[in-house]
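The block underneath contains the structure these notes are about, expressed in structure tokens.
As a basis for the values below, the full set of heavy atoms in this structure was taken, side chains included, without hydrogen atoms, waters or symmetry mates.
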Amino acid sequence: MARWDLMTSDEVGAMIAEGRDLAVLPVGATEQHGPHLACGCDTISSETLAQMAGERANVLVLPGFAYGCSLGHTDQWPGTFSLHPGTMIQAMVELGRWAMANGLKKLLFLSGHGTNDAPLRSAILQLRYEFPEGRFATMGLWDISPRVAELYFRDGADIHANRGETSILLHLRPEMVRMEHAFDVPDVTPGTHFSYAMPATTPTGVVGSPADSSAEDGEMMVETIVTDLANWLEAALAEDWPELPQGPAA
């Protein structure tokens, strides 16, 4: 087991002392996911998949952070809580500081929500400045590998509560899905030049084809994600610092 919140202080310290100095911080959101999917989708997905991959790679996994930057959902539909981007940046910086204080040297923010990306990248800029001896990375679940991205975006580029997200929860947490209310909404953003809040792109809060979802599809997606994330974690844990090229002779 490598789940931080289920381990004792001595167990955490011993694991870091052994050189397992990488941790994953799952970052989700609490937001509407249409009439068929529970509002904790992004948090439950990132936290559960991180835990499964962390167990395979023997890497520490922190408790999931359940709030993200969800301003694009507005108050059109019930269910959403959002942090201001600046607030989220500050929260991630403070968690990163504590990660370093615990002796960690590497931290991955694993996001289950797309618009967490900008605050997470901004937080990393600050953390790299404060802790030049530390290493930080962020990725969305869909960024783990090309084949994972292909599975996530089968039904659109600007998806939400779509086939992939729904299938994953049908496999992991079926009690969070109401398939009788699943309704497909095509992605209308291809060819657009600006980014748009959800009320401008969907009447239901959904974009994609959740009606095509299944637990079997979710099982396949979960195995693909966990395998590729565990491989990423193992490679990241073993990664050396880049070798600097030779500078000009004095």
Query - Counterpart residues, ring pair (Phe, Tyr, Trp, His ring centres under 6.0 Å), relative to F65 (two or more places apart) - result: none

Answer yes or no: is there a side-chain heavy-atom contact under 4.5 Å between [X] and [Y]?
X	Y	result
R3	L6	yes
L108	T138	no
I168	I225	yes
L62	D5	no
E130	M100	no
V226	L229	no
I44	L169	yes
P203	V185	yes

Supply the atom-to-atom distance [X] [atom1] to [Y] [atom2], rounded to the nearest 0.5 angstrom.
X	Y	atom1	atom2	value
M221	L141	CE	CG	9.0 Å
M52	T227	CE	OG1	9.0 Å
R121	N116	CZ	CG	12.0 Å
Q90	L95	CD	CG	10.0 Å
E216	S167	CD	OG	9.0 Å
Q32	C41	CD	SG	11.0 Å

For atom [atom1] of [X], decide whether the heavy atoms of other residues, nucleotides or ligands shown that lie under 6.0 angstrom number more than 12.
X	atom1	value
D75	CG	no
E11	CD	yes
Y196	OH	yes
W241	CH2	yes

Say whether [X] and [Y], considering side chains only, have a donor N or O and an acceptor N or O under 3.5 Å apart.
X	Y	answer
H73	S82	no
E31	T80	no
Q51	E47	no
D10	T8	no

Check the hydrophobic clustering (I, L, V, M, F, W, Y; side-chain heavy atoms under 4.5 Å; chains of links allowed) and say if [X] and [Y] are grouped together.
X	Y	answer
L22	L110	yes
L71	L120	no
L125	F109	no
Y67	W77	no
L107	W232	no

So that I can tick it off, tell me whether [Y] and [X] are bridged by a salt bridge, with the cut-off set at under 4.0 angstrom between side-chain N and carboxylate O.
X	Y	result
R173	E175	yes
D217	R154	yes
E223	R147	no

Please answer whether the main-chain N or O of [Y] pairs with a side-chain N or O of [X] as donor and acceptor at a distance below 3.5 Å.
X	Y	result
H113	C69	yes
D21	I16	no
E18	R20	no
T166	R163	no
D143	G140	yes
T30	F81	no
S145	V148	yes
T202	M198	no
S46	T43	yes

Query raised in the report: Do L37 and H181 pass the side-chain contact (heavy atoms from CB on, under 4.5 Å) test, and can you show the C-alpha distance, the side-chain angles, and the key distance before you say yes or no?
Result: CA-CA 9 Å; L37 206 54; H181 297 304; over 6 Å; no

Requested in this report: Would you check, one step at a time, whether the test side-chain contact (heavy atoms from CB on, under 4.5 Å) holds for H33 with E165?
Outcome: CA-CA 10 Å; H33 270 72; E165 289 192 323; 3.6 Å; yes

Query - Test side-chain hydrogen bond (donor to acceptor under 3.5 Å, both in side chains) applied to N162 and D212, D187, D155, the passing residue - result: D155

Query raised in the report: Going through the distances and angles, do M139 and D117 end up as a side-chain contact (heavy atoms from CB on, under 4.5 Å)?
Result: CA-CA 8 Å; M139 65 169 68; D117 184 67; over 6 Å; no

Query raised in the report: Yes or no on side-chain contact (heavy atoms from CB on, under 4.5 Å) for F153 and I159, after CA distance, side-chain angles and deciding distance?
Result: CA-CA 7 Å; F153 299 113; I159 49 89; 3.7 Å; yes

Query - Parallel, tilted or perpendicular, as decided by the 30° and 60° cut-offs, for the rings of F136 and F131 - result: tilted

